[in-house]
Amino acid sequence: AFAVEFEGVTFSYGDTATPALTGVSFSLPPTGVTAIVGPSGSGKTTLFQLIERFRTPDEGTVRLSGADISAIRLDELRSRIGLVEQDAPLLRGTVRENLTYACPDATAADIDEALAAAHLTDVVSALPDGLDTSLGEGGTGLSGGQRQRLAIARALLARPDVLLLDEATAHLDSDSETALRSAIADIGTRCLVLTIAHRLSTTIGADRILVIEDGRLRASGTHAELMESD
Ligand code: ADP
Ligand code: ADP
């Protein structure tokens, strides 16, 4: 089965507005990293919001593991979809506190597993006790890329079927970006990861790419395939 399918999805923000998405159809397998690429205003965020059912299509169907999402209870749907927003807010506590706060039922083993999946194990064990402050101006805390990976680890605790990453590599230095991409590729072995990018050049690590422009799906394929046809 496919993890996420769009079939003829059209959505407008108002009766008179040009649709934000028009007749979008695609099918994505249960694992791997898919990048949604398109310029600002092309409909990427709207596409994420339709998957989360923050918005409902005017036409067409969105499916999660084969089921029309309009038939899935909202709390169940949200528990199966992890969302990591740009500059996701973190608590001013320790790395572990950020994770236990988000998921009080998580065991220490669950937390270690999420940290490992987000490639944070070494980072956390390298921090002196009490200095793993995830936010804060003291300079003792995590880098921007590490904070993003912490937000990802937090989302992974719920064991989502789909992880939505909004602008995950924006304003990171190249080492942090490499570390983040490597963690994302690894997470793609356990669930479907959907990322958003503005340019094809930043999607090299993705398994497949959907190019959207003006709310329409213009192309899809691997990075190599899309570079050839460009
Ligand atoms: P992207 O994420 O690719 O930048 P969006 O999905 O945010 O694109 O936007 C797609 C289109 O929908 C744009 O024309 C944008 O102006 C419009 N749009 C987005 N959000 C709203 C909104 N809340 N109300 C009206 N129009 C919106
Ligand atoms: P401050 O005093 O600077 O607001 P807080 O400890 O209240 O510090 O919040 C730190 C961060 O944690 C903020 O970015 C905030 O958005 C986030 N935060 C605080 N409370 C919650 C909550 N209940 N759920 C999710 N995030 C929260």
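In each ligand, atom 1 is the first atom listed, and ligand 1 is the first ligand listed. What you see is a predicted model; the values in this text were computed from it and never measured.
Distances from atom 6 (O) of ligand 1 to the heavy atoms of Asp166, Ile36, Thr46 show the closest one on Thr46. With Tyr13, Phe48, Phe11 as candidates, the residue nearest to atom 25 (C) of ligand 1 on a non-hydrogen basis is Tyr13.
No single ILVMFWY cluster, assembled from side-chain heavy atoms under 4.5 Å apart, contains both Phe2 and Ile209.
Here Arg63 does not pair with Asp68 in a salt bridge; the nearest charged N to carboxylate O distance is not below 4.0 Å. Salt-bridge formation is not detected for the pair Lys44/Asp166: no Lys NZ or Arg NE/NH1/NH2 atom is positioned less than 4.0 Å from an Asp or Glu carboxylate oxygen. For Arg96 and Asp112, the salt-bridge test passes: some basic side-chain N is under 4.0 Å from an acidic carboxylate O.
Remark: ligand 1 atoms within the under-4.0 Å shell around heavy atoms of Gly43 are 1 (P), 3 (O), 5 (P), 6 (O), 8 (O), 10 (C). Close approach of ligand 1 to Ser40 is summarised as follows: ligand atoms under 4.0 Å from at least one heavy atom of the residue are 4 (O). Those atoms of ligand 1 with a heavy atom of Ser42 less than 4.0 angstrom away are 1 (P), 3 (O), 8 (O). Close approach of ligand 1 to Pro39 (heavy-atom distance below 4.0 Å) involves ligand atoms 3 (O).
For Arg208, the side chain to side chain contact (heavy atoms under 4.5 Å, CB included) test picks out Leu28, Pro29, Thr34, with sequence neighbours left out.
Taking distance alone, with nitrogen or oxygen atoms compared against 3.5 Å, Gly41 approaches ligand 1 more closely than that limit.
Annotation: cation-pi pair Arg154/Tyr101 absent, no NZ/CZ under 6.0 Å from the ring centroid and within 45° of its normal.
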